[in-house]
There are 2 protein chains.
Amino acid sequence: MPDLCLKSAYAVGMQTPEPTLADVAARAGVSVATASRALTGARPVSDTLHRKVRDASRELGYRRNAVASALRLQRTETVGLVLPRYTTGFLSALIESVSDGLERNDLSLVLRYSEPDALHDVGNVESLMARRVDGIIICPSSLEASQESIEAAGPVPIVQVGRFVITDRSDSVGLDEDRATQMLMAHLVERSARRVLVVGLDPDAPADARRIRALRGAAEGAADVDVAPFTAAVLDGGIRAAERLVAAGPGALPDAIVCANDDVASGVLAVLRMRGIAVPGRVQVASLLDLSPGREDLTVTTLRHPWPEMGREAVRLLLDAQQSRREPGAERIARRVSLAPQLVPGHSTRDRTVPTAPDSKETP
Amino acid sequence: MPDLCLKSAYAVGMQTPEPTLADVAARAGVSVATASRALTGARPVSDTLHRKVRDASRELGYRRNAVASALRLQRTETVGLVLPRYTTGFLSALIESVSDGLERNDLSLVLRYSEPDALHDVGNVESLMARRVDGIIICPSSLEASQESIEAAGPVPIVQVGRFVITDRSDSVGLDEDRATQMLMAHLVERSARRVLVVGLDPDAPADARRIRALRGAAEGAADVDVAPFTAAVLDGGIRAAERLVAAGPGALPDAIVCANDDVASGVLAVLRMRGIAVPGRVQVASLLDLSPGREDLTVTTLRHPWPEMGREAVRLLLDAQQSRREPGAERIARRVSLAPQLVPGHSTRDRTVPTAPDSKETP
DNA sequence: GACGTTTCTGCAAACGATTTCCAAGGAGCC
DNA sequence: GGCTCCTTGGAAATCGTTTGCAGAAACGTC
């Protein structure tokens, strides 16, 4: 096959001519069909030829062209991930775990961000469809307008994660925040908290209001739940709220303080420690949202949002849907998986076995 | 063309048969060639046919098959991004800006993570090459072993970002930390700091040692730079260091405290405020590393690492390299862009126009 | 030795869009 | 009117891989 050699030698410009399967086959002295079968193992090939092909492939530095392969197989081995922009700090753990899950199955990840203004979602899904991805994982950027982005996926499996647009077209994996919030309150009540103060939540924000309701619901008469005047949910907000509280005198101190997140809790802890108020002896402190799941310093009792698990679960649902799409059997039913944030006990709440210890030392 | 219709109608299973260009052409009553030309605008098409084709395309909900297109054009309109795992918190801003830059140029992003153990990098690049990406942006996971991952890219443009393996094969965009560190020191000296204390840096860690050197170099006799005994570079470390300092008596107080990062600075600030030490009146506080670039509370003067700009710059270099690769002109020369972290003045250092104000109020 | 039966190989046709090459038609010019 | 030039449309080749089909070879059994 002299023409093949010709092609290899005189490729455009001076670029290395990326070798093709035909080149490998020519070098091994077999047909392309055989070369393909030897490399993919799709059908048995005699030992001699198998070795010949493998050697030729290695010598030429052959790399299977995934594009051509995808065209022929009608399968790109690629999954699209669509996320809302401006929230990445939170979502990076999700990206990482999704990527990890896909890699284990030899799938590639193509990532797209949607502007918060919503119907970007549809465009992103459309664009992924044009790339013929095998599946899509999406965190809808708008609960109203993202409905049609789910539909745009047509027949390819799509999984929603983190947030959830009502539809029977897609599986989804979500967060069971209510349950987690309740668990946290139970944790405190169990440790004999009777007066609980909430810091850093804004009763006027619907999401925060819901959290407050969940806390009150879980207290259910076993404890009083007060809400401190709203201060920003950052470190400084925690500091300000705690200072105000301390200034109000020892009688104003609650048994436990529930903070919006770890930053707020850090601020509160710093003030309490400095004023010599024992934690968790006199006051217990807990946080509703772990901001840096990476760290392992168990300073503050917190709720860890299971982003890694959510990513894993999303990938699992997706692969499962792909699989069952091949077998034309029964109609698929949309599945919903809810994961609860995990309660991670830290040194800022008491050890359960130890009852109130008024003279306990400061946390180390 | 009855067979085309047949194909459309009797596609595999019950799946919607994704329409092809042939379907569109058939419906519009033209050849595929004309249909392609009408949609891509590669060559002029008469108005009548143009409209017909566009209508047919819309009616069928046609989506250009990017895979087939890529195969024919030898161009995937896709860029690979390779990042080290376990550092995403920091890198998420980078991902976002790279993604944004690519989107503006109608390029897709495929993301891969390398384990810290290094030669994963090579595998990731290889895999991206198999997908025939048009370019690669990589943050090398190992300064020793990642050399060959650059070479694995062969003729496709590759840009290093954040970290840098020496090679003449790739452009790179890096961080000019020394310059930024010096700027911060100059900022303090300008504001009449004469005794500076460094908190949260570990002289035994090479990177920290380098920062200390840079600070001393910039002080250059204009100020004394002391290093506090190492405490962990977290909020708590800042608190401990500051308490020790305050306990040593008012004479021990420096004019300015430079902290390893914002968390440390927060701890220091909390202690100073509580002990009634005026900031920035008595002591100024600054941080070498902004941990949460999203927030805009200008509490502490800090160095903001320009991840978004780095991403933008990386994309720019990549596109530029692609462009100049087409014109077979002169040999490409590797370019290196250095960006300095940006000094963001906050309320923890003085206003330059106002000289020392011994009775200034606490920061709000 | 003849005749199934298995095991391999190779040819050629997909996959779907783009582009080159050709041909036909119309406009413009002498 | 005859010529060229320009525009427009279609047939077919191309990108690189996989696979249905058919032929060939090897093997076993009677």
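Residue numbers start from 1 in every chain, and the chains themselves are labelled A, B, ... in the order their sequence lines are given, proteins ahead of strands. FYI, side chains are in, hydrogens and waters are out, and symmetry mates aren't considered; it's all heavy atoms of this structure. The structure presented is a predicted model; accordingly, all values stated were derived computationally and were not measured.
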*Return the minimal non-hydrogen interatomic distance between Val337(A) and Glu313(A), and the atom names on each side.*
CG1-CG, 3.7 Å

*Is Arg85(A) salt-bridged to Asp100(B), cutoff N-O under 4.0 Å?*
yes

*Please list, by residue number, the residues of residues 61-72 of chain B whose heavy atoms come closer than 4.0 Å to an atom of DNA chain D; answer none if no residue qualifies.*
Leu71(B), Arg72(B)

*On DNA chain C, nearest-nucleotide positions of Ser31(A) versus Leu21(B): which is more 5'?*
Ser31(A)

*Give the minimum heavy-atom separation between Val67(A) and Arg131(B), together with the two atoms involved.*
CG2-O, 3.9 Å

*asked:* Using a strict threshold of under 4.0 Å (side-chain N to carboxylate O), is an ion pair present between Glu59(A) and Arg27(A)?
replied: yes

*Hey, is the side chain of Thr34(B) poking within less than 4.0 Å of OP1 or OP2 on dG10(D), counting only N and O atoms?*
yes

_Quick check: closest heavy atoms across Asp106(A) and Glu77(A), and the distance to 0.1 Å?_
O-CB, 4.0 Å

_If you take any heavy atom closer than 4.0 Å to DNA chain D, which residues from residues 128-135 of chain B end up in contact?_
none

*Among Ile138(B), Val173(B), Val79(B), Val98(B), whose side-chain contact (heavy atoms from CB on, under 4.5 Å) with Val159(B) holds?*
Val173(B)

*So, for Glu103(A) and Tyr113(B), which heavy atoms are closest and what is the spacing to 0.1 Å?*
OE1-O, 4.0 Å

*asked:* Applying a 4.0 Å non-hydrogen cut-off, can you work out what Leu73(B) is touching in the nucleic acid: base, sugar-phosphate, or nothing?
replied: sugar-phosphate

*dG9(D) C1' sits how many Å from Lys52(B) NZ, rounded?*
13 Å

*asked:* Could you work out, with side chain to side chain donor-acceptor pair (under 3.5 Å) as the rule, every residue matching Arg63(B), not counting sequence neighbours?
replied: Glu126(A), Glu18(B)

*Arg335(A) with Asp320(A): basic N within carboxylate O range, under 4.0 Å*: yes

*Would you kindly give the CZ-to-C1' distance between Arg75(A) and dC15(C), to the nearest whole Å?*
13 Å

*If you find the nucleotide of DNA chain D closest to Gln74(B) and the one closest to Arg37(A), which residue's nucleotide is nearer the 5' end?*
Gln74(B)

*asked:* Counting only side-chain nitrogens and oxygens, does Thr20(A) get under 4.0 Å of the OP1 or OP2 atom of dC15(D)?
replied: no

*asked:* Counting distance alone, no hydrogens or angles: does the base of dT18(C) have a donor or acceptor under 3.5 Å from a partner atom on the side chain of Arg43(B)?
replied: no

_Whole angstrom value for the distance that separates P of dT18(C) from CD of Glu77(B)_ = 11 Å

